[in-house]
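First, the structure itself, so that you have it in front of you.
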Number of protein chains: 2
Amino acid sequence: MIDPDSGRPVYRQLADVIRGQIDRGELRPGQRLRTEPEYVDEYGIGRDSVRKAMALLRADGLIVTTRRGSRVRPLPDVAEVALSEDTVIRTRMPTQKERRLLGVPEGVPVFVVERPGAEPEVLAGDRTKLVVKAAPAGEGHGRSG
Amino acid sequence: MIDPDSGRPVYRQLADVIRGQIDRGELRPGQRLRTEPEYVDEYGIGRDSVRKAMALLRADGLIVTTRRGSRVRPLPDVAEVALSEDTVIRTRMPTQKERRLLGVPEGVPVFVVERPGAEPEVLAGDRTKLVVKAAPAGEGHGRSG
DNA sequence: ACGTATTTGTACGTATGTATC
DNA sequence: AGATACATACGTACAAATACG
């Protein structure tokens, strides 16, 4: 299943295998992965390679890891945030402080929303969906100044 | 400068040091970091710790690494993309294919823009800025259905 | 054209720490 | 308290890409 001589690094091969299992739904959100020693034994590879595979999947936001093991990242409820006119939206990875504050795991980016005349707002990328609403009929289109 | 007994992991301490240098502008975008062996010698730590520190900074989008060393991530030119009504925007990390296709380095998320009646569009998060434009005066406000 | 030095990448091992059950 | 499982941190060795002479 994993070929050390294939040219593709062992840890990437393992990451590919697990990514495939997630994509095909064999591993569902919230479901526990195997433990590191189990992957070591199962594929006859070093623990280092297993850990690097996990790190890859984590950085891509596919799994989350705690002291009790790794799980497929659960899909949180997504809140809709309406955007008003002249708003600028960027995305980037959060700082450590923002990660703590928002409670976002590794591999989850944030939105930075800048509304005119307001401080930039940082929103968790896994729990937020931005929506440009249709303007209410008969009312202004932002021409107030 | 780095204290192995401080409770904070060595590799995080090194990452903190470098992050500070970037934040304070002592290391500017595009500028080369020291090599791994240099950090090893300078702080008397293992190469493993240095590499993990680099991996952290890379995952946060602060640096990029090639076979010739690591540099502070250059700031690309940002293109403005206008959003129309009823558009939904999400953000997440790119898949490997998207990363290749868009040419985004590690630690850079993407926008997923869903316009009504169109395929979702994936935009590089480091080169794109979304803007909600003011509606043109006297014209429709999306009341077409 | 070729080899060499530099630098990061991969992959293994070992040991110990620490949180959780 | 003991077992389990991930986290940290060191070491070694070799591979591979790049740059330089």
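Excluded from the calculations below are hydrogen atoms, water molecules and symmetry mates; all remaining heavy atoms, backbone and side chain alike, are included.
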Can you tell which of D/dA5, C/dA11, D/dA7 lies closest to the side chain of A/D48?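 Of D/dA5, C/dA11, D/dA7, C/dA11 is nearest to the side chain of A/D48.
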Could you check whether A/R19 pairs with A/D16 (Lys NZ or Arg NE/NH1/NH2 to Asp/Glu carboxylate O, under 4.0 Å)?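 Salt bridge present between A/R19 and A/D16.
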Of all the nucleotides listed (C/dT20, D/dC6, D/dT18), which has the minimum atom distance to the side chain of B/R68?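 Ranking C/dT20, D/dC6, D/dT18 by closest atom to the B/R68 side chain puts D/dT18 first.
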Any salt bridge between A/K133 and A/E80, counting N to O under 4.0 Å?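 A salt bridge is present here (some side-chain N lies under 4.0 Å from a carboxylate O).
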Counting only Watson-Crick pairs (N1-N3 plus N6-O4 or O6-N4) and G-U wobbles (N1-O2, O6-N3), all under 3.5 Å, who is the partner of C/dG9?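 Per the H-bond distance test, D/dC14.
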Between A/E121 and A/V81, is the side-chain contact (heavy atoms from CB on, under 4.5 Å) condition met? List the steps. CA-CA 12 Å; A/E121 203 177 343; A/V81 171; over 6 Å; no
Compare side-chain N and O positions of A/K52 against OP1 and OP2 of C/dT10 and report whether any pair is under 4.0 Å apart.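 Looking at the OP1 and OP2 atoms of C/dT10, one of them is under 4.0 Å from a side-chain N or O of A/K52.
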Touch check for A/P4, heavy atoms < 4.0 angstrom, all strands: base, sugar-phosphate only, or nothing?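 Nothing, no heavy atom under 4.0 Å.
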Earlier contact from the 5' end, DNA chain D, for B/V10 and A/E36: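 Closest to the 5' end, via its nearest nucleotide, is A/E36.
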Considering every strand and a 4.0 Å limit on heavy-atom distances, what is the contact class for A/R8: base, sugar-phosphate, or nothing?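 Result for A/R8 = nothing.
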Whole Å only: how far is the CG atom of A/D5 from the P atom of C/dC12?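 That distance rounds to 11 Å.
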Roughly, in whole Å, what's the span from CZ in B/R32 to C1' in C/dT7?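 So the two atoms are 8 Å apart, to the nearest Å.
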Do any side-chain nitrogens or oxygens of B/Y11 fall under 4.0 Å of OP1 or OP2 in D/dT8?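 Affirmative; the distance criterion is met.
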Which whole-number value in Å describes the distance from B/R51 CZ to C/dT10 C1'?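 My rounded result for the distance is 8 Å.
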Integer-rounded Å distance: D/dA7 P and B/L56 CG: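 Going from CG in B/L56 over to P in D/dA7 covers 12 Å.
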Grab the CD-P distance between A/Q13 and C/dA11 for me, whole Å please.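 My rounded result for the distance is 8 Å.
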Is there a side-chain contact between A/S49 and the phosphate of C/dC12, meaning an N or O under 4.0 Å from OP1 or OP2?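 It does, given that an N or O in the side chain of A/S49 lies less than 4.0 Å from OP1 or OP2 of C/dC12.
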Rounded to the nearest angstrom, tell me the gap between atom CE in A/M54 and atom P in D/dA7.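 Rounded to whole Å, this separation is 10 Å.
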If you pin A/R47 and B/R67 to their nearest nucleotides in DNA chain C, which one's is more 5'?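 The 5'-side residue here is B/R67.
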Are any side-chain N or O atoms of A/E36 and backbone N or O atoms of A/V50, one a donor and one an acceptor, separated by less than 3.5 Å?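 Side chain of A/E36 to backbone of A/V50: no pair is present.
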Atom CG of A/L33 and atom C1' of D/dC6: how far apart are they, to the nearest Å?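 So the CG-C1' distance, A/L33 to D/dC6, works out to 13 Å.
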Using the side-chain heavy atoms of B/T35, tell me which of these nucleotides is nearest: D/dC6, C/dT8, D/dA9.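 Of the candidates, C/dT8 comes closest.
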Treating B/R92 as the side-chain partner and B/V112 as the backbone partner, does any N or O pair qualify as donor plus acceptor under 3.5 Å?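 It does not hold such a pair.
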From CG of B/L57 over to P of C/dT8, roughly how many Å is that when rounded to an integer?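 Interatomic distance, CG of B/L57 to P of C/dT8: 14 Å.
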